[in-house]
2 protein chains.
Amino acid sequence: MQEHENIFEAFLAEKGLKFTLPRKLILDTVFGLHEHFDAEQLYDLIHRVSKEVSRATVYRTLPLLVEAGLIQRSVRSESRDTFEHIWGHPRHAHWVCKVCGSVHETDMQDAVRILQAKARAQNFSLTEINLTLTGICWKCQNHATESQ
Amino acid sequence: MQEHENIFEAFLAEKGLKFTLPRKLILDTVFGLHEHFDAEQLYDLIHRVSKEVSRATVYRTLPLLVEAGLIQRSVRSESRDTFEHIWGHPRHAHWVCKVCGSVHETDMQDAVRILQAKARAQNFSLTEINLTLTGICWKCQNHATESQ
DNA sequence: TGTGAAATGAGATTCATTCTCAATAAGGAT
DNA sequence: ATCCTTATTGAGAATGAATCTCATTTCACA
């Protein structure tokens, strides 16, 4: 069994909840991904493998994964809530281009250390950090320049 | 005329758009606020003063204010998009308690400088910074301790 | 194997946001 | 001032992500 399964199972047990097959399928699909995803994409992916999991269960499981510390809400894309797994991944910042919509990531360890210190100082138990930087990427700036 | 009106009018003129009465009412109401707000709250506030502005116009104007750099999207509250004005306000981080839902703010100037330097280094034209820290505030931690 | 609680699927529901479209207003040109 | 073109608006319909309902199924444990 992979470690994220252990973590989720322990989390569920602690709350008197069960590690069912639908939850396992959702968890494994999430950790098979290496990109941000939303509930609908996840539902589609799971359906390629199995027709066993309903949309409702996908929506119900995602908040559990967040609470377990395995995934976190990410940059909102279009009108959908998006997620990304964070277990085993260093915290990173998201740079969102408002022209082409691209999202790219950069390391954030230095900022994380500062923020964790601030959290300790004010006795805030920090579990999620979301840093999003919006603007125009260099590619889109170049396009704008060319067309002038 | 207040400065935010000048900024918005210039922004609109630049795009061949008009500084109409509904847009002026929305702008002034936004800058009369000192808290985060969502479209519905804004619509209600404007209606206390005037029945002139429709919900559709509120929703249509908010993205213009974002684009003009006068407001920015803030922490999403419940299921609604929220905003806050940023013109004349230093950038700040949001600390969201996931138990009581409180949002409190702290200064972020030091982090902003680091991020602006990073943006320059990768030639990213930075316009918005959104830093949200989620966890449990000290009050809620104390409550949890008491009840054990 | 029986029992009670938790979980699920299917579809209905909710509700924030966006869209449609006919009517109106603005602002430059004459 | 009066056209004329284009932007804007309001009202309500439409959209669509997310949540809820509830009858049925599954699970864990005795």
Side-chain angles (χ1 to χ4, degrees), chain A residues 5 8-30 36-47 49-68 71-83 101, chain B residues 5 8-30 36-47 49-68 71-83 101:
Chain A
E5 292 186 358
F8 195 37
E9 187 167 20
F11 167 82
L12 291 170
E14 170 107 6
K15 305 198 67 159
L17 305 177
K18 295 162 188 170
F19 190 43
T20 61
L21 184 61
R23 284 174 179 162
K24 184 162 149 49
L25 274 170
I26 292 166
L27 177 67
D28 290 346
T29 306
V30 164
H36 302 175
F37 61 91
D38 61 47
E40 204 61 28
Q41 292 169 335
L42 190 54
Y43 173 72
D44 288 345
L45 275 172
I46 293 169
H47 257 223
V49 175
S50 158
K51 300 274 178 231
E52 301 298 319
V53 181
S54 74
R55 189 175 269 102
T57 299
V58 171
Y59 276 99
R60 279 189 284 237
T61 303
L62 286 170
L64 292 173
L65 293 174
V66 170
E67 206 183 337
I71 66 176
Q72 78 172 197
R73 280 169 198 280
S74 181
V75 182
R76 204 155 204 268
S77 158
E78 308 290 315
S79 55
R80 293 180 181 168
D81 285 349
T82 62
F83 301 85
Chain B
E5 292 187 358
F8 195 36
E9 187 167 21
F11 167 81
L12 292 169
E14 170 108 7
K15 305 197 67 158
L17 304 178
K18 296 160 187 171
F19 191 42
T20 60
L21 184 61
R23 284 175 180 161
K24 185 163 148 46
L25 275 170
I26 291 166
L27 177 66
D28 290 346
T29 306
V30 163
H36 301 176
F37 61 92
D38 60 48
E40 204 61 27
Q41 292 169 335
L42 189 54
Y43 174 72
D44 288 345
L45 276 171
I46 292 169
H47 257 223
V49 174
S50 158
K51 301 273 178 232
E52 300 298 319
V53 181
S54 74
R55 189 174 270 104
T57 299
V58 171
Y59 276 99
R60 280 189 284 236
T61 303
L62 287 169
L64 292 173
L65 293 174
V66 171
E67 206 183 337
I71 66 175
Q72 78 171 198
R73 280 168 199 280
S74 181
V75 181
R76 200 153 209 270
S77 157
E78 307 291 314
S79 54
R80 293 180 181 169
D81 285 349
T82 63
F83 301 85

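Side chains are part of it too, since the values below use all heavy atoms of this structure and drop only hydrogens, waters and symmetry mates. Reminder, nothing fancy here: chain letters follow the sequence lines and each chain counts from 1.
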- Quick one: side-chain contact (heavy atoms from CB on, under 4.5 Å) partners of A:Thr61, sequence neighbours excluded? A:Phe8, A:Arg23, A:Ile26, A:Thr57, A:Leu65
- Item | All side-chain hydrogen bond (donor to acceptor under 3.5 Å, both in side chains) counterparts of A:Asp81, not counting sequence neighbours | A:Arg73, A:Arg76
- What distance do A:Leu25 atom CG and A:Leu42 atom CG have between them, rounded to the nearest 0.5 Å? 10.0 Å
- Spatial distance of atom CG (A:Leu45) from atom CD (A:Gln41) [nearest 0.5 Å]: 7.5 Å
- Query: Tell me, for nucleotides 21-30 of chain C in 5' to 3' order, what letter each nucleotide earns: B for a base near a protein heavy atom under 4.0 Å, S for only sugar-phosphate near one, - for neither?
  - Reply: -----B----
- Note on the structure: Whichever of B:Gly16 and B:Tyr43 has the more 5' nearest nucleotide on DNA chain D, that residue is B:Gly16
- Item | From OG1 (B:Thr29) to NZ (B:Lys24), nearest 0.5 Å | 10.0 Å
- Query: So does B:Arg23 get a side-chain nitrogen or oxygen closer than 4.0 Å to the phosphate oxygens (OP1/OP2) of D:dA7?
  - Reply: no
- Item | Interatomic distance where CG belongs to B:Leu62 and C1' belongs to C:dA16 [whole Å] | 13 Å
- Item | Test side-chain contact (heavy atoms from CB on, under 4.5 Å) applied to B:Gln72 - qualifying residues, sequence neighbours left out | B:Glu84, B:Ile86, B:Arg91, B:Glu128, B:Asn130
- Message: Both A:Ser54 and B:Ala56 contact DNA chain C. Which one's nearest nucleotide lies toward the 5' end?
- Response: A:Ser54
- Nearest whole angstrom, please: distance from the P of D:dT19 to the CG of A:Asp38. 13 Å
- Message: Without decimals, in angstroms, what is the distance between A:Arg55 CZ and C:dG11 P?
- Response: 11 Å
- B:Phe83 has an atom CZ; how far is it from atom C1' of C:dA16, in whole Å? 11 Å
- ring pair (Phe, Tyr, Trp, His ring centres under 6.0 Å) with A:Tyr43: which residues, sequence neighbours excluded? A:His47
- Item | Value in whole Å for how far the P atom of D:dA18 lies from CG of A:Leu64 | 16 Å
- Message: How many whole angstroms separate atom CG of B:Leu42 from atom C1' of C:dA16?
- Response: 15 Å
- Message: Between C1' on C:dA7 and CG on A:Leu17, what's the gap in Å once rounded to a whole number?
- Response: 10 Å
- Rounded to the nearest 0.5 Å, how far apart are OG1 of A:Thr20 and CG of A:Leu12? 8.0 Å
- Checking A:Thr82 side chain against A:Val75 main chain: does a donor-acceptor pair fall under 3.5 Å? yes
Nucleotide N/O to protein N/O under 3.5 Å, stretch nucleotides 13-17 of chain D:
from, atom 1, to, atom 2, distance (Å)
D:dA17, OP1, A:Arg80, NE, 3.3
D:dA17, OP1, A:Arg80, NH2, 3.1

